[in-house]
Number of protein chains: 2
Amino acid sequence: MDLFHALTDEERSRSRLDAKITALVLDDVDFVTGSTINELAERAGVSPPTITRFCRRLGCVSFADFKVQLARMTYVGLRYLKPELPTTTVSEVIDDIVVKAQDTLFSLHNQLDHDRLEDAARLLRGAGFIQAVGAGGNSSMIANEIQNRLFRLGCHVQSTNDKAMAVMLAAAATPDTVAIVSSMTGRDVELVRCLDLYRHHNVLTIALTQSGSPVAERASVVIPIDLPEGVNIYRPTSTRYAYLAVIDILANLVAYADRQKSLQYLRRIKEELVSNRDGDDRQLLGD
Amino acid sequence: MDLFHALTDEERSRSRLDAKITALVLDDVDFVTGSTINELAERAGVSPPTITRFCRRLGCVSFADFKVQLARMTYVGLRYLKPELPTTTVSEVIDDIVVKAQDTLFSLHNQLDHDRLEDAARLLRGAGFIQAVGAGGNSSMIANEIQNRLFRLGCHVQSTNDKAMAVMLAAAATPDTVAIVSSMTGRDVELVRCLDLYRHHNVLTIALTQSGSPVAERASVVIPIDLPEGVNIYRPTSTRYAYLAVIDILANLVAYADRQKSLQYLRRIKEELVSNRDGDDRQLLGD
DNA sequence: AAGGTTATGTAATTTATTTTCCTTATCGGC
DNA sequence: GCCGATAAGGAAAATAAATTACATAACCTT
């Protein structure tokens, strides 16, 4: 268990001072990472050995180790620990959104199932035709992104944000078709129906969704993405960053399976793009 | 100047041992962050004072400070230091994409111009009609995302991924229209033409783009996003994460400008969604 | 309330880091 | 190629920091 979880673990039995130190650490990471054990002890109102023991309980071998581990997680999730504060100033909004996006990526990194990703990439790579389905705003973006990344690699892919369309696509699927669907809730009634239909037509499916959800249960390969949702209704969900990262990873794995072929397609596309700009070659592939 | 740049700065005059220590640090950050000054000195084949001096030259106040700063950058950019290694295993691809995405967000956080964001949010909030323009794959996603986030807040917004369409939109614009455009290169010839047209029609424009680019020069409000691009041609640009974060921030600022109104729209949308799922209320707003 | 257990502090000890001072290498000018 | 200046580096002493050992206090438990 890493320091992040150890610090936030509600189960951990804490003595009075332990709780006090925990609070201090979470409240001001920057101070703690920069302080000596004496400074920290004084500010916490405890003795230095108490700090050492605190660090050991958290799984660190020493105070120095604790500081390093703490510093390591500063940008990946620590602010998340704090209760959802009302953000009002521009700075607060920026901090909050950026930190949560980073934290989401961090959590994703810890939970990704490598084998399932490889399975999914293998399916995509071998597919004669790929159908990407996602609707409702966030997942539409993901479906479109799948198309955007894969056609560049020479895949034949069609994305749709229309579940009625997906039904028709499934009906038209040939045996070498693979469908990839995205649903953050995994409980979309129509998407579930689509998946049943895909199965009925023997079309293999890949799902990016919450594990254990109805969508997950019906897919051939599931890439589970289980992340806490923010409670701020005004704010778009940071889970999108995780889904986007999964698409990036899949596209990369597909590309790497046949570098020669991928490179050829990418170059061809790039040549067209550059001629449409000012001839500067240092351009991005697709703005 | 931060440690990251100090370590990689080619300009920095380095003595023989300094170069040796630099190389050791970059090669094995994990060892360095976990070692004592003596262990590091021994492994580098130098004396402890040399390490202390090395840290000071890099702008740290002590070896402990150096270790903490080093630990802090592990997740934000360190991989950039090493030559782009061919990533082959699933783990490597995952690490690479997640680390670069986090790094991109980190860089963004450091460079965002708060005042410009506030200006942009104010324009959007006050607009009678918003036109979002972005094309070419990555920026299309951003334009769509702008529409997706803003209509939920009660804004009247139309996005297009078609620059010819943008020309027509500009021509049809009323005085209360605001256009928001995205271009990662900032050098798209057609988009530049669109911006000139918008200006000609007295339509205020917001640009998310590279600072100093032709697109930036023509917009009323520029939100500069200047990020290093990975050189790996297979990799979709991690810059997307930064653009997405900017959209999130803008949408949030717009929502906060009139919470009551935003809440009202968001609730209405949510009610419709829930009835279309399985009635579970803990659902996302738009999958 | 006695007995055990856990938490905490004090002081001693150990370990780690920095400073001071001295030596050695390097470089430019003659 | 030698001299002097300057910077780099190391050894050892001094200092600072962290941990251990031990003592004491708080807290359960029955």
Side-chain angles (χ1 to χ4, degrees), chain A residues 1 3 6-74, chain B residues 3 6-73:
Chain A
M1 190 184 252
L3 188 59
L7 274 169
T8 51
D9 188 7
E10 300 288 336
E11 302 296 298
R12 214 183 88 228
S13 71
R14 293 177 198 178
S15 68
R16 194 173 44 86
L17 294 190
D18 190 309
K20 200 167 161 189
I21 302 169
T22 304
L24 175 60
V25 169
L26 296 183
D27 182 61
D28 196 348
V29 182
D30 289 341
F31 168 74
V32 176
T33 53
S35 71
T36 68
I37 201 169
N38 287 306
E39 290 164 346
L40 176 57
E42 189 185 352
R43 182 145 156 193
V46 302
S47 65
T50 300
I51 301 290
T52 296
R53 292 191 275 249
F54 171 81
C55 299
R56 297 260 163 86
R57 271 200 297 278
L58 289 168
C60 304
V61 307
S62 67
F63 176 64
D65 182 38
F66 170 76
K67 278 206 294 188
V68 165
Q69 286 198 234
L70 193 63
R72 215 171 253 163
M73 47 177 271
T74 306
Chain B
L3 187 60
L7 273 170
T8 50
D9 187 7
E10 300 288 336
E11 304 296 297
R12 215 183 87 228
S13 72
R14 292 176 198 179
S15 68
R16 196 173 45 87
L17 294 191
D18 190 309
K20 201 167 159 188
I21 301 170
T22 304
L24 176 59
V25 169
L26 296 182
D27 181 60
D28 196 348
V29 181
D30 289 340
F31 168 74
V32 176
T33 53
S35 70
T36 67
I37 202 170
N38 286 305
E39 289 164 346
L40 177 56
E42 190 186 351
R43 184 146 153 191
V46 303
S47 66
T50 301
I51 301 291
T52 295
R53 289 171 192 136
F54 171 81
C55 299
R56 296 261 163 83
R57 269 199 300 276
L58 289 169
C60 304
V61 308
S62 66
F63 175 64
D65 181 39
F66 170 75
K67 279 206 294 186
V68 165
Q69 286 198 236
L70 194 63
R72 212 172 255 164
M73 46 177 267

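Just so it is clear, the structure is predicted and the values come from calculations on it, not from any experiment. What's counted below: heavy atoms across the whole structure, side chains too, no hydrogens, waters or symmetry copies. Order of the sequence lines fixes the chain letters, A, B, ..., with proteins taken first and strands second; residue numbering starts at 1 for each chain.
- Side-chain atoms of B:L58 and B:T22, non-hydrogen and from C-beta on, never get closer than 4.5 Å to each other.
- The distance between atom CG of B:N38 and atom C1' of C:dT14, rounded to the nearest whole Å, is 13 Å.
- Between B:F54 atom CZ and D:dG10 atom C1' the separation is 18 Å, expressed in whole Å.
- Taking atom CZ of residue B:F66 and atom C1' of nucleotide C:dT18, one finds them 16 Å apart after rounding to whole Å.
- Side-chain contact between A:E39 and A:R43 is absent, with no heavy atoms from C-beta onward closer than 4.5 Å.
- Spacing between atom NZ of B:K20 and atom P of D:dA8 amounts to 16 Å, rounded to whole angstrom units.
- Separation of atoms CZ (A:F63) and CG (A:L40) is listed at 5.0 Å; rounding is to 0.5 Å.
- Atom pair A:L40:CG and D:dT19:P shows a separation of 12 Å (rounding to whole Å applied).
- When the nucleotides D:dT19, C:dG9, C:dT19 are ranked by their closest atom to the side chain of B:P49, C:dT19 comes out on top.
- Along DNA chain C, the nucleotide nearest to A:T50 and the one nearest to B:K67 differ in position, and the one closer to the 5' end is contacted by A:T50.
- In this structure, B:F63 places its CZ atom 17 Å from C1' of D:dT15, rounding to the nearest Å.
- Among the atoms of the strands shown, base atoms are found under 4.0 Å from some heavy atom of A:S47.
- For A:R56, the salt bridge (charged side-chain N to carboxylate O under 4.0 Å, His left out) test picks out no residue, with sequence neighbours left out.
- Following rounding to the nearest Å, A:R56 (CZ) and C:dA7 (P) show an atom-to-atom distance of 16 Å.
- Rounded to a whole Å, the CZ atom of B:R57 is 8 Å from the C1' atom of D:dA8.
- Nearest-nucleotide assignment on DNA chain D puts the 5′-proximal partner with A:T36, out of A:R53 and A:T36.
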